[in-house]
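These notes concern the structure reproduced below.
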Amino acid sequence: MKPPKFSYLRPNDLAEALDLLAEYGEDAKIMSGGQSLIPLLNMRLSTPRYIIDIGRVKELHGIKEEEDAIVIGGMTRHVDVEKSELIKEKCPLLTEGIRWVGHTQIRSRGTIGGSIAHADPSAELPCILTALRGEIVVASKEDEFTLTPEEFFLSYLLTSLEPDQLIKGIRFPKLNKNSGYAFEEVARRHGDFALVEVAAVINLDKDGKVAEAQIALGGANAVPFVPLETEEFLIGKEPNETILKEAATLQLEDLDPEGDIHGSKEYRRYLTGVLLQRALHTAVKRAREGVVV
Amino acid sequence: MKETLVKVTINGKEVAKEIESRWLLSDFLRDNLGLTGTHVGCEHGVCGACTVLINGEPVRSCLMLAVQADGCQVETVESLARADGSFNHIQQAFANNHALQCGFCTPGFLMSLKSFMENNPTLPTDEEIREAISGNLCRCTGYSNIIKAVKEAYALNC
Ligand SMILES: Cc1cc2nc3c(=O)[nH]c(=O)nc-3n(C[C@H](O)[C@H](O)[C@H](O)COP(=O)(O)OP(=O)(O)OC[C@H]3O[C@@H](n4cnc5c(N)ncnc54)[C@H](O)[C@@H]3O)c2cc1C
Ligand code: FES
Ligand code: FES
């Protein structure tokens with residue numbers, strides 16, 4: 001269990017990284033935290049000719065506040081997001097969800113860009129980004145543009161990223177006033193990938209009715225799933241427990257989780273409904289309290 | 001294959017070596033530097049036996065290339081004992097409470113706990129201790145004695 005041979009390239013800035021990707025991208029793998037890539041190398045499931053280590057690319061590090069979003073550099077580590085007071089205040093769903101990513105020893109190396117690029121359907125960050133309707137900032141030598149999660153996540157571990165492109169940063173929209181949020185997950189043990197997970201944001205109007213609902217369900221389908229009919233069903237309604245219960249089970253038939261030794265397809269569907277009801281309940285409660293904790 | 005120069009400070013000593021870039025930090029420590037206190041169990045990030053501190057933070061040394069540690073401070077289990085060779089408070093508490101049996105997992109627990117105790121100077125709850133050791137697997141002792149040891153380590157450290 002040792003990595004295969006490769007040539008190691010370590011750019012010092014973004015321009016150099018993008019040049020290397022333009023030249024070697026087809027035969028290269030970007031390495032950020034290495035917490036998913038090194039296991040694949042150790043097991044020889046991935047045998048790239050070049051490793052481009054972006055750890056020293058300073059433009060990719062850091063957390064910035066924009067008017068309506070928090071922009072996190074691709075190379076920013078999970079632990080830095082977990083400890084950020086700015087994120088806790090402006091984007092608390094992210095603070096709540098990131099604690100579910102692996103263990104301390106993983107979060108001290110793993111990065112935001114790496115988690116999004118890896119596109120594991122059970123991973124927390126793709127689910128949170130999808131619920132928030134955030135954006136992925138992609139850069140190549142030629143240009144820079146943003147993609148929605150829908151455009152970016154194609155299937156299990158598959159994204160629309162081209163070999164000469166990297167994730168420069170991720171835009172996580174800030175929580176609005178009168179909004180509440182919640183993240184719910186069940187894993188076999190804390191630190192394991194989720195069996196299923198739910199991220200939700202609910203915005204209430206001045207009469208206490210649902211003005212906006214943003215939901216993503218992770219672990220059930222090949223990419224994070226947005227239950228559009230459920231969101232629409234909630235809008236304009238007084239979110240009492242009967243309504244939330246009805247909403248939570250509305251689209252379970254649209255989920256197609258893989259059953260395995262840890263839980264059958266039916267169990268995972270059922271569990272998603274339970275977690276969604278809990279998440280909606282908490283999000284509504286927090287929206288009512290106007291608390292951003 | 002081209003070799004890459006790594007300069008690291010390991011347990012307070014500076015080390016500079018040309019190595020193959022595919023070397024894992026765990027293998028560099030064990031095979032190149034003879035620091036065999038860091039154990040390797042699974043080599044894919046699951047067991048935690050290989051945990052070391054990088055700039056004070058706990059990291060899986062099997063999930064880091066040695067060349068990525070260039071410029072870093074690395075601490076391994078060999079750094080824990082006092083200058084006279086006696087155990088530090090966490091090691092002593094493990095010994096007192098039968099918190100190890102075969103000892104394979106112990107270096108990883110000790111390093112994770114060193115960082116945890118430094119960041120949480122007052123006695124945590126059982127729940128918090130469980131969370132702190134959740135990234136380390138022990139296959140023989142069970143975790144109850146380890147939790148007891150952590151509590152005693154706090155008492156010994158006063
Ligand atoms: C024991 C263990 C438990 C874990 N548990 C969880 C968990 O519960 N939830 C969870 O979400 N994750 C979990 N992980 C995975 C962890 O979160 C990884 O850190 C993350 O998936 C990948 O981030 P990384 O920075 O380590 O990326 P790397 O491993 O360096 O890279 C992963 C992939 O992304 C590509 N990539 C990396 N950065 C970029 C970029 N900026 N632009 C384009 N492509 C890029 C790489 O080429 C590679 O294909 C776990 C890992 C381990 C070892
Ligand atoms: S050997 Fe590194 S985590 Fe198991
Ligand atoms: S003491 Fe044997 S594995 Fe923990």
Side-chain angles (χ1 to χ4, degrees), chain A residues 1-10 12 28-57 75 77-80 82-83 99-111 114 118 187-193, chain B residues 1-6 19-28 31 40-72 108-109 111-113 115-116 119-120 127-128 130-137 143:
Chain A
M1 293 267 293
K2 311 292 171 196
K5 293 196 173 182
F6 54 77
S7 293
Y8 180 69
L9 306 169
R10 187 163 56 197
N12 284 308
K29 270 279 173 197
I30 296 173
M31 168 118 73
S32 46
Q35 302 302 289
S36 294
L37 182 56
I38 296 185
L40 293 175
L41 295 175
N42 286 358
M43 293 186 257
R44 307 271 168 119
L45 293 171
S46 175
T47 53
R49 278 185 62 192
Y50 302 95
I51 292 280
I52 303 178
D53 177 357
I54 56 171
R56 292 193 181 171
V57 178
M75 195 52 226
R77 301 175 309 155
H78 298 141
V79 65
D80 299 319
E82 188 182 353
K83 290 189 177 158
R99 300 193 181 124
W100 286 89
V101 178
H103 312 281
T104 323
Q105 299 91 336
I106 305 296
R107 297 195 296 273
S108 60
R109 296 284 304 161
T111 68
H118 194 58
R188 282 175 64 236
R189 293 164 309 193
H190 188 164
D192 288 359
F193 276 98
Chain B
M1 204 55 41
K2 201 171 129 264
E3 306 225 312
T4 309
L5 177 70
V6 261
I19 55 162
E20 239 188 285
S21 43
R22 70 189 183 112
W23 275 66
L24 297 172
L25 177 61
S26 46
D27 291 330
F28 178 62
D31 299 346
V40 284
C42 66
E43 295 194 303
H44 64 280
V46 179
C47 73
C50 67
T51 306
V52 300
L53 304 188
I54 302 284
N55 300 332
E57 289 177 307
V59 159
R60 309 281 209 226
S61 61
C62 75
L63 294 190
M64 187 166 176
L65 300 175
V67 290
Q68 287 180 294
D70 184 61
C72 295
F109 274 94
M111 298 317 286
S112 293
L113 286 167
S115 146
F116 175 73
N119 287 311
N120 299 273
E127 180 76 21
E128 287 162 342
R130 278 169 209 275
E131 171 70 26
I133 61 172
S134 66
N136 293 84
L137 297 181
Y143 301 97

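Sequence lines set the chain letters: A, B, ... in the order given, protein chains first and strands last, and positions in each chain run from 1. For clarity, every value in this text was computed on a predicted model and none was experimentally measured.
Looking at B:Asp70, the atoms closer than 4.5 Å to chain A (heavy atoms on both sides) sit in the backbone and in the side chain alike. In this structure, the portions of B:Leu65 lying under 4.5 Å from any heavy atom of chain A include both its backbone and its side chain.
A:Phe193 pairs by the ring-ring contact (aromatic ring centres under 6.0 Å, His included) definition with nothing, not counting sequence neighbours. Looking at residues two or more places apart in sequence or on another chain, you find no salt bridge (charged side-chain N to carboxylate O under 4.0 Å, His left out) involving A:Arg99.
Proximity of A:Tyr8 to B:Gln68: side-chain heavy atoms (C-beta onward) are separated by under 4.5 Å at one or more points. In this structure, the side chains of B:Val59 and A:Arg109 come closer than 4.5 Å at one or more pairs of heavy atoms. Counting only heavy atoms from C-beta outward, the side chains of B:Leu24 and A:Met1 never approach each other to under 4.5 Å. The shortest side-chain heavy-atom distance between A:Gln105 and B:Asn136 falls under the 4.5 Å cut-off. By the 4.5 Å heavy-atom criterion applied to side chains, A:Pro39 and B:Leu63 are counted as neighbours.
When atom types are taken as modelled, the side chain of B:Arg22 and the backbone of A:Pro4 share no donor-acceptor pair closer than 3.5 angstrom. For the pair A:Arg10 (side chain) and B:Val67 (backbone), a donor-acceptor distance under 3.5 Å is present.
Here A:Arg77 pairs with B:Glu57 in a salt bridge; the nearest charged N to carboxylate O distance falls below 4.0 Å.
Taking 4.5 Å as the heavy-atom cut-off, the residues of residues 43-53 of chain A that approach chain B are A:Met43, A:Arg44, A:Asp53, ordered by number. Annotation: residues 43-52 of chain B contacts chain A through B:Glu43, B:His44, B:Gly45, B:Thr51 [non-hydrogen atoms, separation under 4.5 Å].
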